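To keep things clear, I will list the structure first and then write my remarks on it.
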Amino acid sequence: RVGDVGAALPTIGAFLLGGITCFPVTLLIVASAYALNPWLAIVCSLLGCIASAVLLYSIGRQLGRKTVARFAGKRLNRVNQLISKHGILAVAAIRMIPVAPYSVVNLAAGAVHVPFRDFVLGSFLGMSPGVVAITFFENQIEQMIRTPSAATLIILIGILLFMLAGVVGFRRWFSSKQT
């Protein structure tokens with residue numbers, strides 16, 4: 001594991017490249033968690049996710065709604081409907097419960113002119129729990145492989161149950177807000 005800040009720039013660069021090529025952001029988070037110490041991985045993953053989101057948001061804004069609609073299709077309308085009603089909360093929800101690939105959401109948000117502040121803040125709020133959970137889950141899997149024990153297994157199961165409870169709880173909460 002790398003623990004120095006010098007590893008941050010290449011990691012963030014990977015997120016930018018991943019965003020442009022539509023590489024799954026979750027895999028980039030897992031790779032960061034594997035390569036870096038957990039706290040640095042969390043910081044780099046969040047910075048990388050936000051930097052990638054802002055880059056693609058800017059591209060979507062420049063391309064415009066019609067051009068992005070060719071890529072996003074019906075998803076563009078869905079993103080527009082959700083965000084226009086709920087702003088920051090909708091962006092956070094889209095990040096927690098993906099309705100489309102990460103890169104497509106970023107392009108779509110720029111194309112439909114989601115307010116930049118809502119987009120960045122919602123992205124940060126929505127990505128943070130998943131980044132933290134994935135990082136600690138990956139770290140615990142490594143611990144389980146290195147030093148298997150009942151304690152590491154219990155912690156691993158606990159992290160997994162916490163992640164699942166968070167997703168289910170958030171879905172219920174957000175569904176209640178839509179009705």
Side-chain angles (χ1 to χ4, degrees), residues 5 8-9 11-33 36 38-65 68-69 71-72 75-137 162-179:
V5 180
L9 287 179
T11 303
I12 294 168
F15 278 89
L16 291 170
L17 182 60
I20 291 171
T21 60
C22 294
F23 192 81
V25 72
T26 304
L27 293 179
L28 292 168
I29 295 166
V30 170
S32 297
L36 306 170
W39 298 108
L40 185 58
I42 290 168
V43 170
C44 288
S45 292
L46 284 172
L47 287 174
C49 286
I50 298 302
S52 175
V54 167
L55 175 65
L56 287 161
Y57 173 93
S58 300
I59 292 170
R61 198 162 177 101
Q62 291 300 313
L63 291 175
R65 186 181 182 96
V68 173
F71 301 107
R75 292 175 178 160
L76 182 67
N77 290 330
R78 176 103 170 108
V79 169
N80 189 28
Q81 289 171 350
L82 281 172
I83 294 172
S84 65
K85 291 180 184 175
H86 303 287
I88 293 171
L89 285 178
V91 175
I94 289 169
R95 297 303 189 201
M96 289 181 176
I97 307 167
V99 295
Y102 191 75
S103 297
V104 172
V105 170
N106 298 330
L107 285 169
V112 299
H113 297 276
V114 171
F116 184 74
R117 183 185 68 88
D118 290 0
F119 177 73
V120 172
L121 188 56
S123 292
F124 178 78
L125 292 173
M127 292 301 295
S128 294
V131 166
V132 170
I134 290 168
T135 301
F136 285 122
F137 184 70
F162 184 75
M163 289 168 58
L164 291 172
V167 169
V168 169
F170 186 80
R171 281 187 175 186
R172 285 186 181 161
W173 175 81
F174 191 72
S175 293
S176 72
K177 293 289 182 191
Q178 284 189 323
T179 57

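Only a predicted model underlies this, so the values are computations on that prediction, with no experimental measurement involved.
Listed by chain and residue number, Ile42, Phe124, Met127, Ser128, Val131 satisfy the side chain to side chain contact (heavy atoms under 4.5 Å, CB included) test with Leu46 (two or more places apart in sequence, or in another chain).
Scanning all heavy atoms of the two residues, the minimum distance from Met163 to Ala133 falls at CG-CB, 3.4 Å. Annotation for Ser45 and Ser32: closest pair OG-CB, 3.4 Å, computed over non-hydrogen atoms. Residues Ile50 and Ser123 share a closest heavy-atom pair of CD1-CB, 3.8 Å. The two residues Tyr102 and Ala53 make their nearest non-hydrogen contact at OH-CB, 3.6 Å. When all heavy atoms of Ile29 and Cys49 are compared, the pair lying nearest together is CD1-SG, 4.2 Å. Across every non-hydrogen atom of Leu56 and Leu107, the tightest pair is O-CD2, 3.4 Å.
Here the side chain of Tyr57 pairs no donor or acceptor atom with the backbone of Val105 at under 3.5 angstrom. Not one N or O on the side chain of Ser52 forms a donor-acceptor pair closer than 3.5 Å with the backbone of Gly48. Checked by atom type and distance alone, the side chain of Thr135 never pairs as donor or acceptor with a backbone atom of Ala41 at under 3.5 Å.
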Show which side-chain atoms of residues 20-27 pair as donor or acceptor with protein atoms under 3.5 Å away, not counting sequence neighbours.
from, atom 1, to, atom 2, distance (Å)
Thr21, OG1, Leu17, O, 3.0
Thr21, OG1, Gly18, O, 3.3

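At a threshold of 4.5 Å between non-hydrogen side-chain atoms, the residues Val114 and Val112 count as touching. Taking the side chain as every heavy atom from C-beta outward, Val54 and Phe116 approach each other to under 4.5 Å. Under the 4.5 Å side-chain criterion, counting only non-hydrogen atoms from C-beta, Arg95 is not in contact with Leu125.
Interatomic distance, Cys44 SG to Leu28 CG, rounded to the nearest 0.5 Å: 12.5 Å.
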For Phe119 and Asn106, what are the C-alpha separation, side-chain angles and deciding distance, and is it a side chain to side chain contact (heavy atoms under 4.5 Å, CB included)? CA-CA 9 Å; Phe119 177 73; Asn106 298 330; 3.4 Å; yes
